[in-house]
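Sequence lines set the chain letters: A, B, ... in the order given, protein chains first and strands last, and positions in each chain run from 1. All values reported here derive from a predicted model rather than from experimental measurement.
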Protein chains: 2
Amino acid sequence: MKWQDVGEQPCSIARSLAIIGDRWTLMVLRSAFLGIRRFDDFQASLGVTRHVLAERLKRLVEADVLQKVPYQGRQERFEYRLTEKGRDLYPVLLALVNWGDKWLDGGMGPPVQYRHNTCGHMFTPTMVCSECGEAVNAREVMPVAGPGLMGMAESGKPG
Amino acid sequence: MKWQDVGEQPCSIARSLAIIGDRWTLMVLRSAFLGIRRFDDFQASLGVTRHVLAERLKRLVEADVLQKVPYQGRQERFEYRLTEKGRDLYPVLLALVNWGDKWLDGGMGPPVQYRHNTCGHMFTPTMVCSECGEAVNAREVMPVAGPGLMGMAESGKPG
DNA sequence: ATGCTAGGTTCCAAAAAGGAACTCGTCAAC
DNA sequence: GTTGACGAGTTCCTTTTTGGAACCTAGCAT
């Protein structure tokens, strides 16, 4: 199967990964969340080639994760800004940060820590159940067919 | 910059993505969380080529995300099982599911829903602050230099 | 008029992915 | 006691994607 076809399955993970699941795309979004908005700044902050960066930005704009906004009047210059859909990816990045902090810090502690301005504390992002508020782990969760699966049961694998 | 070098930055996102941030790796882990353990079953459930699958499994074993466990006695057969480090990636997948459910369902509702066995309810995975329990969003969070950044300030970009 | 800046393209070589066939022990069936 | 299947890969070859560097283009500043 080609990677392009991955997003057509009735699986939200596959669909999400078809947009953001390759080399560099999540790094681009990391930079976007840090406030970077311009092509050359993305390029400098990431070290990715301009070629690949241009392609990734284009894809993210097409997917409505970033928005291309003109600035500086008459000259054709653009900023890439997160849309609401893009900002909604923040938990994905927090989950990655959290995992890296726990397992990949090389014994030196986390390179960056996070402060929750609302409550004023340094915090650990925690994935909880919306209903009971308890931290969720894989063994306590059971997948069940949802409405978006109907009529597609033959066409791919769920998840 | 080559992708291989991405993981050497003092940034937990970069380090995490160096392991799981390419095409197929998170799909492999999705299958692992669904209970798949054998080479041919991964291949059938994903549609990835055997070539790529073998390389990804090897890398995940080297990174201690999966563990290769022999089974069936004398014959050299193996199961790939999630380690604790691997199980700790569950929040990353939940965050992806949640985003896909919200933004990529094509108006049909989520293909798969999740039940939290502990409390018995269908739920939405929610990323909250460990200190105050409120849902976290990007604008309320401020990154601060952590201990793992010291002495490396020149060598790369944080995040 | 000359150079700078931002935001790209273009070109080419190197690496990775897609696809199919092949290998290599063990085991069960004929 | 040969044949065939199973599981877990490997090998070979073609197509796509990256990586790296140079080039392009409009407006602006000197």
Side-chain angles (χ1 to χ4, degrees), chain A residues 1-9 14 17-28 31-32 35-63 66-81 156, chain B residues 1-9 14 17-28 31-32 35-63 66-81 156:
Chain A
M1 184 196 275
K2 293 197 179 168
W3 181 253
Q4 288 164 255
D5 302 331
V6 163
E8 279 151 39
Q9 295 172 270
L17 290 176
I19 297 174
I20 60 166
D22 60 55
R23 296 210 231 293
W24 295 116
T25 296
L26 279 168
M27 291 295 284
V28 170
S31 292
I36 289 171
R37 306 210 188 299
R38 300 187 189 174
F39 191 93
D40 280 14
D41 293 340
F42 277 110
Q43 211 260 314
S45 77
L46 296 173
V48 65
T49 63
R50 305 173 74 74
H51 185 62
V52 169
L53 177 60
E55 196 272 336
R56 293 294 187 275
L57 289 172
K58 191 171 143 224
R59 221 151 40 74
L60 288 171
V61 169
E62 279 166 8
L66 296 179
Q67 206 180 349
K68 205 169 171 176
V69 182
Y71 74 99
Q72 220 189 48
R74 63 192 60 179
Q75 201 164 351
E76 287 222 325
R77 303 264 158 106
F78 305 98
E79 288 191 331
Y80 293 91
R81 288 171 167 273
Chain B
M1 185 196 277
K2 292 194 180 169
W3 180 253
Q4 288 163 253
D5 303 330
V6 163
E8 278 150 39
Q9 295 172 271
L17 290 176
I19 297 173
I20 60 166
D22 62 52
R23 296 211 230 294
W24 295 116
T25 297
L26 278 168
M27 291 294 285
V28 170
S31 292
I36 289 172
R37 306 210 188 302
R38 300 185 189 175
F39 191 92
D40 280 15
D41 292 340
F42 278 109
Q43 211 260 315
S45 76
L46 296 173
V48 65
T49 62
R50 306 173 74 73
H51 186 62
V52 169
L53 176 59
E55 197 272 336
R56 293 294 186 276
L57 289 172
K58 191 170 143 227
R59 220 150 41 74
L60 288 171
V61 169
E62 277 165 10
L66 295 179
Q67 206 181 349
K68 205 170 171 175
V69 183
Y71 73 98
Q72 219 191 49
R74 62 193 60 180
Q75 200 163 350
E76 287 223 326
R77 303 265 158 104
F78 304 98
E79 288 191 331
Y80 293 91
R81 288 171 167 273

Does [X] contact [N] through a side-chain donor or acceptor facing the base, at a distance under 3.5 Å?
X	N	result
A/Arg38	C/dG7	no
B/Arg50	D/dG9	yes
A/Arg77	C/dT5	yes

Taking the axis from the first five pairs and the axis from the last five, what angle separates them in the helix from C/dA1-D/dT30 to C/dC30-D/dG1, rounded to 10 degrees?
10°
[X] has a side chain; which of [options] sits nearest to it?
X	options	result
B/Tyr80	D/dG9, C/dG7, C/dT9	D/dG9
B/Trp3	C/dG7, D/dG19, D/dT11	D/dG19
A/Tyr71	C/dG7, C/dA17, D/dG7	C/dG7

Between atom [atom1] in [X] and atom [atom2] in [N], what is the gap in whole Å?
X	N	atom1	atom2	answer
A/Glu79	C/dA6	CD	C1'	12 Å
A/Arg56	C/dT9	CZ	P	15 Å
A/Glu76	C/dT5	CD	P	20 Å
B/Asp41	D/dG9	CG	P	13 Å
B/Asp40	D/dG9	CG	C1'	9 Å
B/Gln43	D/dG7	CD	C1'	12 Å
B/Lys68	D/dA8	NZ	C1'	8 Å
B/Lys58	D/dG9	NZ	P	11 Å

[X] side chain to [Y] main-chain N or O, any donor-acceptor pair under 3.5 Å?
X	Y	result
A/Gln43	A/Val48	yes
B/Arg37	B/Ala32	no
A/Arg23	B/Gly21	no
A/Ser45	A/Asp41	yes

Starting at the 5' end of DNA chain D, which residue's closest nucleotide do you reach first, A/Lys2 or A/Trp24?
A/Lys2
Assert: residue with more 5' nearest nucleotide on DNA chain D, out of B/Phe78 and B/Gln4, is B/Phe78
Close side-chain approach of A/Met1 and B/Thr49, heavy atoms under 4.5 Å:
no
Can you give me the closest heavy-atom contact between A/Arg59 and A/Ala18, atom names plus distance?
NH1-O, 3.5 Å
Rounded to the nearest 0.5 Å, the CZ atom of B/Phe78 sits from the CZ atom of B/Arg38 at a distance of 13.0 Å
Which residue lies more 5' along DNA chain C, comparing B/Glu55 with A/Ala54 via nearest heavy atoms
A/Ala54
